[in-house]
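Structure first, commentary second.
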Number of protein chains: 2
Amino acid sequence: MKIYNLDKVKSIFNRYLEDKKLRKTNERYIILEDIYNRNDHFDADDLFISLKSRSTRISRATIYNTLDLLVDCNLVSRHQFGKNKTVYERSYGFAQHDHLICYECDKVLEFCDPRIHNIQNMVEEIFGFNVVKHSLNFYGVCTDQQCEGKKKVE
Amino acid sequence: MKIYNLDKVKSIFNRYLEDKKLRKTNERYIILEDIYNRNDHFDADDLFISLKSRSTRISRATIYNTLDLLVDCNLVSRHQFGKNKTVYERSYGFAQHDHLICYECDKVLEFCDPRIHNIQNMVEEIFGFNVVKHSLNFYGVCTDQQCEGKKKVE
DNA sequence: ATCCCTGCAAAGGGTTTGCAGACGC
DNA sequence: GCGTCTGCAAACCCTTTGCAGGGAT
């Protein structure tokens, strides 16, 4: 499952910072490490809380700043699941995938389908466009009767 | 191009309001009309400004309220193009479509591809999910050299 | 007459910004 | 030591909420 190691990720970030002539601050590495110790979709505030509990004292400003860098160097991907809120996930060493979001329990499932690339190729050709990334989300209702999250629905 | 007429749209809304036992206020119909006189992606504030210039005096609260109703009865669709901001477009009489967003000029293009439904079917089967809607966006850079919007890029 | 809907303004939540001090280089 | 990065808090933007008055039924 874990198809990366933390040193590899850090060295990629390291190189990125050097290339861009940015400073290698402790905060940036602590944030990177925290992210790669999670395996969920998290938002900036989740990170803030998680970091605070580790008795570090990293501000939201730094978190947002660092997330921008990590997204830029492809170590983290950024998503919006239709709620005007940004969520992130680690991405190095994990297959590209898309998401399935349940309206009733907010569960997020992941899937891959190569056909999306065929669509992408077509679109690039037809419109004269260089696609950098895509976002495909399916929204609906899971049919899992045991689903705990469903309690939440009013 | 215009494959709807305003009366039809109004009567759909009318029926919806009756079914839900909601009141038929002037404001609601004025907003619906304003939306169907546009042919772009707009946000709540665009509507607010547009309505103000018609010397109506419709508040943001009413606009947000009405947009929720119109989305609920499928006369308007709601999107997020990766900027934590919601945009809308009229949807009755227009083919379902997905979007292509240019990072450099913010242009939004539209396309249809039936393969997305194949992916959807597969996902529903595999995960036991009833998909209600999907959102597929491609982000990239248009290769249009004459593109006016590109000036905006810093 | 009821009570839902409206306008207004304030509050809310997530994100960005400004600034003075800290620290990587 | 220079100049960037940080923490903090205020500002910001979009959206939601509370409330009193108004209009649909």
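Reminder, nothing fancy here: chain letters follow the sequence lines and each chain counts from 1.
Protein atom CG of A:L32 is 17 Å distant from nucleotide atom P of D:dC5, rounded to whole Å. The NZ atom of B:K83 sits 13 Å away from the P atom of D:dT15 (whole-angstrom rounding). Protein atom NZ of A:K20 is 19 Å distant from nucleotide atom C1' of C:dG24, rounded to whole Å. D:dT6 atom C1' lies 16 Å from atom OH of A:Y29, rounded to whole Å. Between the P atom of C:dG7 and the CG atom of B:L47 lies a distance of 13 Å, rounded to the nearest Å. A:I31 places its CD1 atom 10 Å from the C1' atom of D:dT6, with the value rounded to the nearest Å. Spacing between atom CG of A:L69 and atom P of C:dG24 amounts to 16 Å, rounded to whole angstrom units. With rounding to whole Å, A:L67 atom CG is found 15 Å from D:dC5 atom C1'.
B:L17 contributes atom CG, which lies 7.5 Å from atom SG of B:C73 (distance to the nearest 0.5 angstrom). One distance of note links OH of A:Y92 with CG of A:L32; it measures 12.0 Å at 0.5 Å rounding.
Residues passing the side chain to side chain donor-acceptor pair (under 3.5 Å) test with A:R115 are A:D113, sequence neighbours excluded.
For residues 57-65 of chain A, proximity to DNA chain D is found at A:R57, A:I58, A:S59, A:A61, A:T62, A:N65, defined as any non-hydrogen atom under 4.0 angstrom from a strand atom.
Between A:R28 and B:K85, the residue anchored nearer the 5' end of DNA chain D, judged by the nucleotide with its closest heavy atom, is A:R28.
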Q: Could you please spell out the steps behind the salt bridge (charged side-chain N to carboxylate O under 4.0 Å, His left out) verdict for B:R78 and B:D68?
A: CA-CA 9 Å; B:R78 195 197 306 266; B:D68 285 345; 3.3 Å; yes

Q: Decide salt bridge (charged side-chain N to carboxylate O under 4.0 Å, His left out) for A:E89 and A:R38; before the verdict, give the C-alpha distance in whole Å, the side-chain angles of both, and the deciding distance to 0.1 Å.
A: CA-CA 8 Å; A:E89 64 183 329; A:R38 310 180 142 258; over 6 Å; no

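For A:F138 and B:F127, the gap between ring centers reaches or exceeds 6.0 Å.
Taking the six-membered ring for Trp and thresholds of 30 and 60 degrees, A:H79 and A:H41 have ring planes more than 60 degrees apart, a perpendicular arrangement.
Checked against B:H99 for a side-chain contact (heavy atoms from CB on, under 4.5 Å), the options B:L109, B:V108, B:V87, B:L136 give a single hit: B:V108.
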Distances for protein N/O vs nucleotides 21-25 of chain D N/O pairs under 3.5 angstrom?
{"from": "D:dG23", "atom 1": "N2", "to": "B:R23", "atom 2": "NH1", "distance (Å)": "2.5"}
{"from": "D:dT25", "atom 1": "OP1", "to": "B:K24", "atom 2": "N", "distance (Å)": "3.2"}

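At a threshold of 4.0 angstrom between heavy atoms, the contacts of A:D45 with the nucleic acid are absent. Within the 4.0 angstrom heavy-atom criterion, no nucleotide atom of any strand lies near B:D43.
With 3.5 Å as the limit, one finds a donor-acceptor pair spanning the side chains of A:Y16 and A:D72.
Regarding contacts with the backbone of C:dG14, every side-chain N or O of A:N84 stays at 4.0 angstrom or more from both OP1 and OP2.
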